[in-house]
Amino acid sequence: MTSTSARIVKAVVPVAGLGTRFLPATKATPKEMLPVVDKPAIQYVVEEAVASGISDILMVTGRNKRPLEDHFDRNYELEAELLRKGDTDRLARVCAPTELADIHYVRQGDPRGLGHAVLCAAPHVGSEPFAVLLGDDLIDPRDPLLSRMIEVREEHGGSVVALMEVDPSQIHLYGCAVVRHDRSGDTVRVTDLVEKPAPGTAPSNYAVIGRYVLDPAVFEVLRRTEPGRGGEIQLTDALRELAHTNEGGPVHGVVFSGRRYDTGDRSDYLKATVRIAWEREDLGPEFRSWLREFMAADVLAPAR
């Protein structure tokens, strides 16, 4: 078992998915690069990791992901043009992604599931505990989740998953956790996990969402994990074994009740864009005024 005092400075962000729910927009543009107001979704995820004290990020990419790498790289021609024009505000926004963290990339050759994507990170992570952030989940910075999960890992060791209570009718869309409430507050002990249980068979309504803090013992478990649901190597199956065997320490869950936006779903993506724009200091006042007028005039007006 690794030391609970090991500081977590590395994160893995799997971004090899095809984004089929957003076709045709994602035919030539990575889904992670779709803008949420004026920043691509992936930048919010990286900013969250950095705010939690992480300085080293490995993105597990796939084909057609070059724009993502370019976003976090320098664009000297654009920077020079903005500097020439004296447009310091836009220049700062262009440079910000390049200065967030030390970002690395590795290619996931075959789309063999989230577990396989995490396993691709083993050479980079080594024997250190690390975080995993899924790019579809945006967590509002006012409701810190990852930093809380890191605290739980530092206190208890092992691995930590993020959980949300969802309506029982929706639990089949998620990994599902069986928990034991043997701790106070927002922390529970995870005793079992099921990947996307069939409707009506879920053992709880605790859904696993896209944040993990993992002990490096997960790599050895993933190496021997057989393909599961969908013919893919599921991270949930590896975490289930860790929960059963205590290999690398226990598995805990942090129950999150804050603001979360699922940008992998078209409807939730639109909601996220509206909510974030609504609360922006620079855009919010004008946008809120327009949206109220739109609702009153075009939606709530009686039919002619």
Problem - All pairs passing side chain to side chain donor-acceptor pair (under 3.5 Å) where residues 36-50 contributes a residue, at least two apart - result: D38-R280, K39-E47, Q43-E47, Q43-H71, E48-R211
Exercise for the section: Go through the steps for T61 and R66 under the test side chain to side chain donor-acceptor pair (under 3.5 Å), then give the verdict. Expected result: CA-CA 9 Å; T61 71; R66 181 61 185 271; over 6 Å; no
Practice task
Scan side-chain atoms only and decide if Q108 and H116 contain a donor-acceptor pair under the 3.5 Å cut-off.
Solution key: yes
Problem - Beyond-backbone contact of V251 with D215, side-chain heavy atoms, under 4.5 angstrom - result: no
Handout entry: Atom CD of E69 with >12 non-hydrogen neighbours under 6.0 angstrom
Key = yes
Practice task
For K65 and V15, indicate whether the former's side chain and the latter's backbone hold a donor-acceptor pair under 3.5 Å.
Solution key: yes
Completion exercise
salt bridge (Lys or Arg N to Asp or Glu O under 4.0 Å) filter on D143, not counting sequence neighbours, yields R259
Completion exercise
CD (E241) and CZ (R224) are apart, to the nearest 0.5 Å, by 4.5 Å
Problem - Atom pair OG (S52) and CG (L133), whose distance is rounded to the nearest 0.5 Å - result: 7.5 Å
Handout entry: More than 12 heavy atoms from other groups under 6.0 Å of CZ on R266
Key = no
Fill in the blank from the handout: Taken in chain and number order and not counting sequence neighbours, the residues that satisfy ring-ring contact (aromatic ring centres under 6.0 Å, His included) with Y269 are F22
Exercise for the section: State which residues pass salt bridge (Lys or Arg N to Asp or Glu O under 4.0 Å) with D137; sequence neighbours excluded, sorted by chain then number. Expected result: R260
Handout entry: Heavy-atom check, side chain of M164 versus side chain of V255, under 4.5 Å
Key = no
Practice task
Enumerate the residue pairs fulfilling side chain to side chain donor-acceptor pair (under 3.5 Å) with a member in residues 11-31, sequence neighbours excluded, ordered by first and then second residue.
Solution key: K31-D136
Problem - E81 CD to R84 CZ distance, which is reported to the nearest 0.5 Å - result: 4.0 Å
Exercise for the section: Mark yes when over 12 heavy atoms from residues, nucleotides or ligands other than N64 sit less than 6.0 Å from its CG; otherwise mark no. Expected result: no
Exercise for the section: Tell me, please, which residues at least two apart from R90 pass side chain to side chain donor-acceptor pair (under 3.5 Å). Expected result: D87
Practice task
Kindly say whether the aromatic ring centers of F130 and F219 come within a distance under 6.0 Å.
Solution key: yes
Handout entry: More than 12 heavy atoms from other groups under 6.0 Å of CZ on R223
Key = yes
